[in-house]
Amino acid sequence: MRSTRHTKLAIIGAGSVGSSLAYAALIRQSAREVVLYDRNVAKVRAEVLDLAHGTLFTASSTVSGGADLDAVADADVVVITAGARQEPGESRLELAARNVEILSSLMPELVARCPDAVFILVTNPCDVLTVVAQRASGLPAGRVFASGTVLDTSRLRWLLADRLDVARSSVHALIVGEHGDSEFPLWSTATIGPVPLRDWVAPDGTRLGHDDLIALAREVAGAAYEIIAGKGATNYAIGLAGARIVEAVLADENAVLPVSSVLSGYHGIDGVALSVPSIVGAGGVERVLDVDFDADEERLLQSSASVLKESLAKLGY
Ligand code: NAD
């Protein structure tokens with residue numbers, strides 16, 4: 001995407017995810033100015049230098065930043081990737097509690113410096129942290145949302161495209177719910193071009209059966225585990241997914257993306273953030289789309305909401 005007006009993207013956290021997002025944003029020209037912030041002075045300086053040394057080959061976008069939060073002032077979009085690392089023996093819940101603390105103190109500082117920005121959470125557990133960040137910011141629900149299942153949806157579309165030998169752009173299928181174990185695909189509305197996925201017949205006459213669909217859903221939900229086992233973190237695909245969401249905001253695209261914002265009265269769900277198809281434009285989540293889920297999908301949506309509600313309660317929310 002090529003942006004013509006001066007647009008500023010601030011990335012909080014210059015770890016694997018934050019620096020990959022900056023790299024993707026520079027190459028895609030998602031914003032004219034990319035600023036990285038991290039409390040680790042040497043790390044953020046090194047990432048900024050390494051990225052800047054490549055900008056001869058990335059057209060007009062610039063990159064800067066450091067360990068001074070004032071560098072992010074007046075950003076149009078702030079993406080939060082800063083987070084604590086899991087310590088040996090530490091549970092997921094204990095890690096979440098540390099990230100809740102980080103977010104609760106960061107958000108007011110960020111809002112003070114970027115009062116008009118749209119805030120995008122990537123740090124995990126991103127759905128839970130969206131509720132925390134939205135409350136700590138005092139901003140409307142649409143202005144603080146998580147990348148949610150945009151990444152998981154990209155994984156699903158890649159898998160389906162590969163399996164059915166069609167272009168990824170011709171696969172229309174979404175993962176919704178928690179960005180995590182309780183996420184699920186909306187098979188009832190999935191299509192290949194205009195053909196419902198369940199009616200798709202391969203050249204050899206075969207169709208995707210119930211067991212195939214279950215296996216695909218499992219593969220998507222478990223994808224991060226395999227990558228983390230092999231290389232310690234996932235970074236490239238989330239970097240690209242994050243850049244894509246940033247572009248939807250900066251270009252006021254009103255693109256339909258499965259992002260996670262705090263819901264009120266969505267299929268009876270209140271005060272929980274999870275991913276559902278949403279219109280993303282200059283104001284962030286402009287609208288959450290009401291979707292007809294089939295009975296199975298409705299059950300999975302409610303159970304994903306319960307999982308998240310329980311996590312929030314355990315963290316005192
Ligand atoms: P990382 O450890 O490489 O980087 C985290 C960075 O945050 C570090 O550089 C650290 O110094 C910084 N940091 C920590 N506390 C800070 C604070 N208070 N202020 C400023 N900076 C601070 O981790 P990573 O691999 O880049 O992952 C970052 C987060 O992204 C994790 O929570 C991870 O689970 C999450 N993630 C989310 C998705 C998604 O789809 N939502 C995908 C991949 C990773």
Side-chain angles (χ1 to χ4, degrees), residues 10-24 35-48 50 65-72 78-87 90 92-110 113 119-130 132-133 136 145-156 175-181 183 220-246 257-261 273-275 308:
I11 300 172
I12 310 301
S16 315
V17 173
S19 47
S20 299
L21 173 52
Y23 186 57
V35 176
L36 270 173
Y37 163 79
D38 198 291
R39 65 180 178 185
N40 181 334
V41 184
K43 167 79 170 154
V44 67
R45 165 104 179 123
E47 293 293 359
V48 166
D50 198 8
D68 179 358
L69 198 54
D70 286 342
V72 309
V78 179
V79 183
I80 299 165
T81 75
R85 281 235 159 176
Q86 200 153 9
E87 299 293 338
E90 187 178 45
R92 270 187 169 189
L93 192 67
E94 286 164 340
L95 176 68
R98 285 204 291 143
N99 282 338
V100 165
E101 254 175 57
I102 291 175
L103 254 290
S104 311
S105 57
L106 252 180
M107 278 313 287
E109 300 284 336
L110 290 171
R113 288 166 176 81
F119 294 85
I120 304 173
L121 270 297
V122 172
T123 307
N124 279 322
C126 65
D127 303 290
V128 167
L129 293 180
T130 294
V132 172
F145 64 92
S147 57
T149 54
V150 172
L151 170 61
D152 317 75
T153 293
S154 172
R155 287 174 175 151
L156 176 69
I175 298 277
V176 297
E178 175 197 15
H179 169 64
D181 296 344
E183 68 187 25
V220 171
Y225 294 110
E226 186 181 355
I227 299 169
I228 289 167
K231 61 174 233 177
T234 68
N235 58 311
Y236 297 124
I238 183 60
L240 284 160
R244 171 68 195 97
I245 303 168
V246 167
L257 296 168
V259 294
S260 172
S261 58
L274 50 71
S275 290
L308 288 164

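As the structure lists them, so they are numbered: ligands from 1, and atoms in each ligand from 1.
Heavy-atom proximity to Thr81, at under 4.0 Å, picks out these atoms of ligand 1: 28 (C), 29 (C). The contact set between ligand 1 and Leu151, taken as ligand atoms under 4.0 Å from a residue heavy atom, comprises 40 (O). Close contacts between ligand 1 and Thr123 involve ligand atoms 29 (C), 30 (O), 32 (O) [criterion: under 4.0 Å to a heavy atom]. Counting the atoms of ligand 1 from 1 in the order shown, those under 4.0 Å from a heavy atom of Ser147 are 41 (N). Interface of Ile102 with ligand 1, defined as ligand atoms under 4.0 Å from a residue heavy atom, comprises 15 (N), 18 (N). The distance from ligand 1 to the heavy atoms of Ala82 drops below 4.0 Å at these ligand atoms: 7 (O), 13 (N), 16 (C), 21 (N), 22 (C).
A side-chain donor-acceptor contact under 3.5 Å links Thr149 to the backbone of Pro258. Of the possible donor and acceptor atoms, none in the side chain of Asp38 sits under 3.5 Å from a partner among the backbone N and O of Ala82. Under a 3.5 Å cut-off, the side chain of Asn99 and the backbone N or O of Ala84 do form a donor-acceptor pair. Judged by distance alone, the side chain of Thr123 and the main-chain N or O of Ile80 form a donor-acceptor pair under 3.5 Å.
Taking all atoms of both residues into account, the shortest heavy-atom contact from Gly18 to Leu36 is O-CD2, 4.0 Å. Residue Ser16 comes nearest to Ala233 through the heavy atom pair OG-CB, 4.2 Å, listed as atom of the first residue, atom of the second, then distance. Residues Val35 and Ala71 share a closest heavy-atom pair of CG1-O, 3.6 Å. Contact between Lys43 and Glu47 at its shortest, heavy atoms only, is NZ-OE2, 2.8 Å.
Checked options Val78, Leu69, Asp68; the residue passing with Tyr37 is Leu69 (criterion: side chain to side chain contact (heavy atoms under 4.5 Å, CB included)).
For the pair Phe145/Ile120, a side-chain contact is recorded, criterion being any heavy-atom separation below 4.5 Å from C-beta on.
Considering backbone and side-chain atoms together, Lys43 places no N or O closer than 3.5 Å to any N or O of ligand 1. Residue contacts with ligand 1: Val122 is placed with a nitrogen or oxygen under 3.5 Å of a nitrogen or oxygen of the ligand (distance criterion only). For a threshold of 3.5 Å applied to N or O pairs, the pair formed by Leu106 and ligand 1 contains no separation below that value. For ligand 1, the polar-atom distance check finds no N/O of Tyr37 at less than 3.5 Å from any of the ligand's N/O atoms. Here's the thing with Asn124: one of its N/O atoms is less than 3.5 angstrom from an N/O atom of ligand 1. Between Ser16 and ligand 1, at least one pair of N/O atoms sits closer than 3.5 Å.
The nearest heavy-atom contact from the protein to atom 8 (C) of ligand 1 is Asp38 OD2, 3.4 Å. Among protein heavy atoms, the minimum distance from atom 2 (O) of ligand 1 is reached at Arg85 NE, 2.7 Å. Nearest to atom 43 (C) of ligand 1 among the protein's heavy atoms is Thr234 OG1, 3.1 Å. Looking at atom 27 (O) of ligand 1, its nearest protein heavy atom turns out to be Val17 CG2, 3.5 Å. Summary of contacts: the protein heavy atom closest to atom 42 (C) of ligand 1 is Ile238 CG1, 3.6 Å.
Comparing heavy-atom distances from atom 7 (O) of ligand 1 across Gly15, Ala14, Gly83 singles out Gly83 as nearest. Between atom 16 (C) of ligand 1 and the options His179, Glu47, Arg39, the minimum heavy-atom separation is to Arg39.
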Check the pair Leu129, Asn124 against side-chain contact (heavy atoms from CB on, under 4.5 Å), reporting the backbone distance first and the verdict last.
CA-CA 7 Å; Leu129 293 180; Asn124 279 322; 5.9 Å; no
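Salt bridge status for Arg98 with Glu94: absent, with no side-chain N to carboxylate O gap under 4.0 Å.
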